[in-house]
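To keep things clear, I will list the structure first and then write my remarks on it.
All figures in this text were calculated on a predicted structure; none of them were measured in a lab. Chain letters run A, B, ... following the sequence lines, proteins first and then strands; every chain starts at 1.
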Number of protein chains: 2
Amino acid sequence: MKKSEINSTEIARMAGVSRSTVSRVINNYPNVPQATREKVMQVIEQYNYAPNFSARIMSGKRTSTIGLFMVSREEVFNDSLTNALITRVIESASKRGYYVLTYIIRNTKDDDIMRNVKNTFYQQRIDGGIFIGAANHEPFIEELIADGFVVGVVDQHLEGRSEPNRVISNFNNLEGMRQGVDYLYSLGHRQIAHIAGDPLRWSGPEKLEGFRQAMEAHGLQVRSDWIIPSNFSERSGYQSVQHWLKVTKDLPTAIFACNDSVAFGALRALNEADINVPGDISLMGFDDHLLSARIHPALTSIHVDFSDMMDALTGKLIETIEVSSTDSKRYVGTTELVIRDSCQPLR
Amino acid sequence: MKKSEINSTEIARMAGVSRSTVSRVINNYPNVPQATREKVMQVIEQYNYAPNFSARIMSGKRTSTIGLFMVSREEVFNDSLTNALITRVIESASKRGYYVLTYIIRNTKDDDIMRNVKNTFYQQRIDGGIFIGAANHEPFIEELIADGFVVGVVDQHLEGRSEPNRVISNFNNLEGMRQGVDYLYSLGHRQIAHIAGDPLRWSGPEKLEGFRQAMEAHGLQVRSDWIIPSNFSERSGYQSVQHWLKVTKDLPTAIFACNDSVAFGALRALNEADINVPGDISLMGFDDHLLSARIHPALTSIHVDFSDMMDALTGKLIETIEVSSTDSKRYVGTTELVIRDSCQPLR
DNA sequence: CTGAAAGCGCTTACAG
DNA sequence: CTGAAAGCGCTTACAG
């Protein structure tokens, strides 16, 4: 198993120059005459030479690699949305000449796993990292930021924290929830329940807050027994609605779910209880998941652009790595109502 | 932006030993007395020390990283199946202590992109790599294998090539096609069309061959004008069936698509032409895509286990990297008929 | 414009 | 059982 084992010394010898000059050519330094450059390039190409990656890093170059860490207890394997986020980061990074090291964190309490994650930073395998699906306040992330590593976090908001190496992306959840409630209101709905998201993630409580504000703006009451807890997953949507149906005294005319996955689960539970959507109850989601247009009834939702978000976050992360200081470390995505079949006017 | 800059010299000094001993402790060598080991470990933990990754590689250690290369012209972003393959490899590698560097190849003819891909090998960024979606005979892959790099390829079959550093995975396509044709035959279908896959990929022609063999086994004729070309994507399924409907003289009673994505596209084209599935035509897929159970009509298909395949391939790849020679370099997944609603008996 | 030399942070024979 | 020293393959001041 012999690999191309040529190194810069060999190249230098064959080109009749010193390793310094070979290095200058590789790194495209200006102080090399055209003739010399060509002579060296020719040998490099002939031997398919590529400078050893580790050696470059040892002498101070960047890794041109970012870490992508997905926090997810559930099987990521089956969630097309989560998977799409990964590929989006990869494409965005690759466009900018960066490689992506991806890691899936099943359990942030597992010491072995977390050591691996931190080590990618400590060992200088990567120039920076992106975290998706983490709790709003996650000690190990704060530790990495405190240590000076460049870190991007999806869905985070910590009051007063704006270190230059912290890059954040969110959606305008307050606005999105208002759009949803406004629409339901316009259809005549006054009794609206909310399936709330994971309380540890920033968007969970923020969406709940947006729901509250929007309801109050219309003078509507928010019933605490109609705030159904969940954790953003299809399964949790199914289970909490199933349970809630058993204990609730009366039903609302509409349910606004914290995201579409939860709405899918809720729909399943409602169907099983012979409650028709949208006949008996209107159901609204949030995210505009890839499946939302395909299920029956097609889900009315709040569209957000994950693709744009991940692209922007990756871009800002790399900018921060390269220039250290950028204009804005924060991305806030807009929201838009997408009307389909799962909500109907109250008669 | 100061990072943890401690190195083995510092650790050695604080622990009152030499760097050699620190190294021995880190690498868990047996010739270190328990007392010394503990003394060193304590300092290591206290300072959150992790040996520099590049330095270890420079001195001969493995990178514990594999490359994952997805060849795909289409937007990977939207295909949940392709995305699932990626996460499966990541989870499988991570389980074995390996990291995954993922790269998406939009165009194998783009020199810049291909240079990047090859360089991950040449620069020794990775210990080996997996290719998904590549043509059966892809020169750059053959080149890497010839250079001695450990390479895993999904869906490849090259007669007589079985280098020790070539790891392959396939499904039993002949058997799968037979199961599908047998089922359609049992429903009374005699006039069956096939939407063929990408002719450059191994599974395309192999599935066509399986279709031929199965048809002939039943004494059925394979009409060349009922072999509809496609390239495995939803869009190509849609476009080729749309075009085929315009030119075909008569319709078959059943269509067997090379995979489910293509079947989705075909279904869309058939619906638009007011041809009812399964009322007017039965439609069978291959793969058992995540969406197949959800669409209407739910798609009858040939189930294959991509998750198991990618897990096995990743495992074999890593085995080959670590032990150089393993038992079997080849994985062949089984197929299974999954009956849903898109095929019905011929009356 | 160019080369000799130091340095990056490890691991590993080698010697004791 | 343990340390001094060489070596991995680059880059980069430094000197000319």
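Remark: E143(A) engages K118(A) in a salt bridge, criterion side-chain N to carboxylate O under 4.0 Å. With respect to the salt-bridge test (charged N to carboxylate O, under 4.0 angstrom), the residues D155(B) and R201(B) qualify. Taking 4.0 Å as the cut-off between side-chain N and carboxylate O, R115(A) and D110(A) do not count as a salt-bridged pair.
Remark: DNA chain C takes part in the stems C:1-3 with D:14-16, C:5-12 with D:5-12, C:14-16 with D:1-3, each of 3 or more antiparallel Watson-Crick or G-U pairs, criterion distances under 3.5 Å.
Q34(A) has its CD atom 12 Å from the P atom of dT2(C), to the nearest Å.
The CZ atom of R96(A) lies 11.0 Å from the CD1 atom of I321(A); values are rounded to the nearest 0.5 Å.
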What does the B/S/- profile of nucleotides 5-13 of chain C look like, 5' to 3', with a 4.0 Å heavy-atom cutoff to protein? B-BBBBBBB
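You'll find the ring centres of Y103(B) and Y98(A) outside the 6.0 Å limit. Aromatic ring centres of F140(B) and F131(B) lie closer together than 6.0 Å.
In this model, the phosphate group of dC1(C) is not approached by any side-chain N or O of T36(A) to a distance below 4.0 Å at OP1 or OP2.
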Kindly list each side-chain donor-acceptor pair under 3.5 angstrom involving residues 29-45 of chain B, sequence neighbours excluded, with atom names and distances?
from: Q34(B); atom 1: NE2; to: E38(B); atom 2: OE2; distance (Å): 3.1
from: R37(B); atom 1: NH2; to: Y29(B); atom 2: O; distance (Å): 2.6

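Side-chain N/O atoms of T65(A) and R125(B) include a donor and acceptor closer than 3.5 Å.
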